[in-house]
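Let me begin by presenting the structure, written as structure tokens, before commenting on it.
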2 protein chains.
Amino acid sequence: MSELSASDLTILRMLQDNAREKLENIACETGLSVATVQRRIRSLRDKEVIQRETTVIQPEAVGYTMTFLVLVEMERERIDQVDAFRRRAQANPQVQQCYYITGEADFALIILSKDIEDFERLTHRLFFEDANIKRFRTSVVMKRSKFSSEVPLAILAGAGDASC
Amino acid sequence: MSELSASDLTILRMLQDNAREKLENIACETGLSVATVQRRIRSLRDKEVIQRETTVIQPEAVGYTMTFLVLVEMERERIDQVDAFRRRAQANPQVQQCYYITGEADFALIILSKDIEDFERLTHRLFFEDANIKRFRTSVVMKRSKFSSEVPLAILAGAGDASC
DNA sequence: GATGAAACCGTTGACGC
DNA sequence: GCGTCAACGGTTTCATC
């Protein structure tokens, strides 16, 4: 993986803030030409530094009013069993995030649900029907902040001039 | 909040998958005209069903090689103290997500770090210097999946014809 | 092989229906 | 509400260094 330049970081920071940021603004901020900015972005996409460009939707607007954090403990921590559970969890569209972790629990899941019944059905499918799940602990999320994943990027003194 | 139509959900699903999806493709899929699709998207943005359009960056590419899940317990659960901690946590760019939860812990945080020292410095600033933090439990994330937050959207039989 | 100019395609906003 | 059109921004190609 090749190193990223200061202007690459500026490009990433601006695009993370707004995927539709005008190339001209980025060019001005970095001191590069529009064509160069475009080539850098293409390169960042090709290198998969930029993984995707997505639209963040308010879950409540489409009926998902509840969020849960579920800590899952497995009976046996065999690699194939762990992988099998992760695949099942990931495959479920209501499982927003899936972390395989050290400590008391083996997995932490962030789960969206329309209501309590919806969540209960999901736990049955995901946990009760899996003999390898020892137990799971559910926390209701009362407030979530910073739902979308933003990577901290250093704000470097750009070479751009005052015309920005 | 007004109800969303089937074509609105299709628009959201396609934009969530790719923020740069061509309006023509969405028009074809939904059976709407390009102009109508554009007006719907504008309306969804205005209603804040669409919260933002962002670029997902691979954290490892910019030096953030470690992810942690931290469960935080507070000494006193007074609303002003809870809010104060949430604001401090959110303000830190390495805190990717912040959930105020029910159960054994009061907060669950997803934190990015460059290395262990970086994480330790962060815990000092965030937890040890706050008299209202009773304790915190750290889990190292060995593998994260589904890092970006995708809301499940029903795939409805569209009115679009076979020319898509 | 990096750069800038230019042609081409998609998006946006204004207008008229 | 709907499509049309002109202006703008993004993308690709090509010539040049």
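Letters A, B, ... are given to chains in the order of the sequence lines, protein chains preceding strands, and every chain is numbered from 1.
The cationic atom of A:K114 (NZ for Lys, CZ for Arg) lies less than 6.0 Å from the six-membered ring centre of A:Y64 and within 45° of the ring axis.
Listed pair B:S33 / D:dC2 fails the phosphate criterion, with no side-chain N or O lying under 4.0 Å from OP1 or OP2. Taking side-chain N and O atoms only, A:T36 has no distance below 4.0 Å to OP1 or OP2 of C:dA2.
A:N132 is linked by a side chain to side chain contact (heavy atoms under 4.5 Å, CB included) to A:M74, A:E75, A:R76, A:Q81, A:D130, counting only residues two or more places apart in sequence or in another chain. Applying the side chain to side chain contact (heavy atoms under 4.5 Å, CB included) rule to A:E129 yields the partners A:R125; only residues at least two apart in sequence or on another chain are considered.
Atom P of nucleotide C:dG10 and atom CD of B:E21 are separated by 12 Å, given to the nearest angstrom. To the nearest angstrom, C1' of D:dA7 lies 14 Å from CD of A:E24. Rounded to an integer number of Å, the gap from A:N18 CG to C:dT11 C1' is 14 Å. The nearest whole Å value for the distance from the CG atom in A:D46 to the C1' atom in D:dT11 is 14 Å. Rounded to whole Å, the distance from NZ on B:K22 to C1' on D:dT12 is 12 Å. When rounded to the nearest whole Å, the span between CZ of B:R40 and C1' of C:dT11 equals 18 Å.
When the shell of 6.0 Å around CD of A:E24 is examined, it contains 12 or fewer heavy atoms from other residues, nucleotides or ligands.
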Inset, instruction - Take nucleotides 12-17 of chain C nucleotide by nucleotide from the 5' end and write B, S or -, depending on whether a protein heavy atom sits under 4.0 Å from the base, only from the sugar-phosphate, or from neither. - result: BB----

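Between the side chains of A:S7 and A:T10, no donor N or O sits under 3.5 Å from an acceptor N or O.
Comment: B:E60 engages B:R144 in a salt bridge, judged by a side-chain N to carboxylate O separation of less than 4.0 angstrom.
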